[in-house]
Engineer: 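I am attaching a structure below and will ask some questions about it afterwards.
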Protein chains: 2
Amino acid sequence: MDEASYLAGYDPGRYPSIAVTVDVVALTIRDGRLCVLLVERGAPPFAGQRALPGGFVKAETLDEAALRELGEETGLKPGEGELARVHLEQLRSYGDPGRDPRMRIVSVAYLAFAPSLPDPTAGSDAAGAYWVPVDEAVGLAFDHDAVLADGLERARSKLEYTPLATAFTAPEFTIGDLRQVYAAVWGEDLHAGNFHRKVLSVPGFVESTGETSARGGERGGPKARLYRAGDAKLLHPALLRPDREDRVR
Amino acid sequence: MDEASYLAGYDPGRYPSIAVTVDVVALTIRDGRLCVLLVERGAPPFAGQRALPGGFVKAETLDEAALRELGEETGLKPGEGELARVHLEQLRSYGDPGRDPRMRIVSVAYLAFAPSLPDPTAGSDAAGAYWVPVDEAVGLAFDHDAVLADGLERARSKLEYTPLATAFTAPEFTIGDLRQVYAAVWGEDLHAGNFHRKVLSVPGFVESTGETSARGGERGGPKARLYRAGDAKLLHPALLRPDREDRVR
DNA sequence: ACGAGTAAGACTCAATCTGAGAAGAACATA
DNA sequence: TATGTTCTTCTCAGATTGAGTCTTACTCGT
């Protein structure tokens, strides 16, 4: 039976109603570490614990709901500069009965990649939200540990096949900046020479601005050339993570 | 504001309620063609058009709801032989206001890979459901054209990185069987010799049974060795689709 | 101003992987 | 039996990979 014929004979009181929310796994890189946006819970259940930002879906698309929630938590306004550069994509939905002790909730989780954003504590609504290094983000409320883990795996995988690493950088960046994004998200260092060769050999990944950085690295080294994101939507060939036996089986 | 603190002050009548359904993109291979399970709609809206099977989520997990719907449409029982071999994974959710003209519905779409299943018309509930080659599955009800397209892209991509092609075959299969799965899903022929070399070189993809097929191919050729699915969860290295420029940008 | 340390970028090299093709043997059908 | 198909293995040239070296340019601390 398909959903629509089902609906035609649907008695609204027949099944317990299900609430729909969005939760956002918002990632950024601060001080070379991958961080996630968390909020502190005031009320039970899980009072005092941290959780992913989220809320009810209103009369809007799911994407709009996720962007709105992200804006409310960071104190930034959708459409204005910084939020406009955020990459937002749907992650997956979580709907186990009992994942919220009060009622049946289906949550559509989103994944956001953001360049380094200001501390959200500046705004008013955003008090109680802050960036936490992902390896310290454990013991979250609800099933948010699992949601975060799924988001991280998606992010790590996306860096292999898409140019989305540039969503974590400033509009103009050096190859070294890009390499540090990969290192932070993947949690392992990369061979600088091979990374450089690879990035420049993938068509449409980056395009040169012709400029170089104003000064060299903080600890020395020559000025580096600056690049912008190219027009590729997929990396061909892909930039694969170093082989790790434990990912295979 | 996170979902739970929102809930604490939630007025149930404040927002229009949202119904939650599951829809299933069930794929199988018949006569060398990739097919999707569709149902014929009897009642408006979209009466007479075809749609993906689906229905309301009851007091069950989303996965259970999807498996239940698939069983109802195919006339097969979950847990019994054939349905137990079906691979089922969540695809993504669709929740645009207006995607169903009657009310706000968020649908969690699932993707199913099945070995060749019997025609569902045998069962009673399953009347009106049938397998349709994917290139003939156009003009579906609701936003199901887009859901199907997303499912197909996911399936094509999954074949690259996972051993899920074996979910389309019998428990024992030849390398040629496997190659035909790839050819059907990707829509392009593969070099038999290179495919053979590649499949056997990926650790854990397939394991030999020691047996060979009872007879050669229908149009000639020697008996082929039989294999089972191995224990790998990911293919390393991956079996990539032939380069196609149009996928890149 | 100078020396030590760091990083960008270009290069080398051997090992591996890839796509394309060829060949032999086994098997089907007409 | 003749013809065509398929399985399986092999070859080979070209591309890609990981690891390392080298030069040059720069920052920082002294």
Engineer: Would you jot down, in residue-number order, the residues of residues 211-228 of chain A having a non-hydrogen atom under 4.0 Å from DNA chain D?
Structural biologist: A:Arg215, A:Gly216, A:Gly217, A:Glu218, A:Gly220, A:Gly221, A:Pro222, A:Lys223

Engineer: I need the residues from residues 183-199 of chain A with at least one non-hydrogen atom less than 4.0 Å from DNA chain C; give them sorted by number, or say none.
Structural biologist: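 Contacting residues: A:His196, A:Arg197.
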
Engineer: Taking 4.0 angstrom as the limit, do B:Arg228 and B:Glu207 come out as a salt bridge?
Structural biologist: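 Salt bridge present between B:Arg228 and B:Glu207.
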
Engineer: Between the side chains of A:Arg241 and A:Glu188, is the shortest nitrogen-to-carboxylate-oxygen separation below 4.0 Å, so that they form an ion pair?
Structural biologist: no

Engineer: Would you give the length of the straight line joining atom CG of A:Asp31 to atom CH2 of A:Trp131, rounded to the nearest 0.5 angstrom?
Structural biologist: 13.0 Å

Engineer: In whole Å, I'd like the distance from the CZ atom of A:Phe173 to the C1' atom of C:dA8.
Structural biologist: 16 Å

Engineer: Round to the nearest Å and state the distance from A:Arg179 atom CZ to C:dT6 atom P.
Structural biologist: 14 Å

Engineer: Judged by modelled atom types alone, do A:Ser93 and B:Ser93 share a side-chain donor-acceptor pair under 3.5 Å?
Structural biologist: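 Their side chains do contain a donor-acceptor pair, which is all the 3.5 Å distance test asks for.
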
Engineer: Taking NZ, NE, NH1 and NH2 as the nitrogens, is one of them in A:Glu73 or A:Arg68 under 4.0 Å from a carboxylate oxygen of the other?
Structural biologist: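 Judged by the 4.0 Å cut-off on N to carboxylate O distance, A:Glu73 and A:Arg68 do not form a salt bridge.
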
Engineer: Check this for me: does any side-chain nitrogen of one of B:Arg225 and B:Glu211 sit under 4.0 Å from a carboxylate oxygen of the other?
Structural biologist: no

Engineer: Taking A:Arg33 first and then A:Asp135, would you say they form a salt bridge - that is, a charged N and a carboxylate O separated by under 4.0 Å?
Structural biologist: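 Salt bridge between A:Arg33 and A:Asp135, a charged N being under 4.0 Å from a carboxylate O: yes.
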
Engineer: What is the 5' to 3' range of DNA chain D, first to last nucleotide, that sits under 4.0 Å from any heavy atom of chain B?
Structural biologist: D:dG4 to D:dT11

Engineer: Is the backbone of A:Gly139 close enough, under 3.5 Å, to the side chain of A:Asp145 for a donor and an acceptor to pair up by distance?
Structural biologist: yes

Engineer: Any luck finding a side-chain donor-acceptor pair between B:Asp177 and B:Tyr227 under 3.5 Å?
Structural biologist: no

Engineer: Kindly indicate whether the side chain of B:Tyr110, heavy atoms from C-beta on, has any atom under 4.5 Å from the side chain of B:Asp63.
Structural biologist: yes

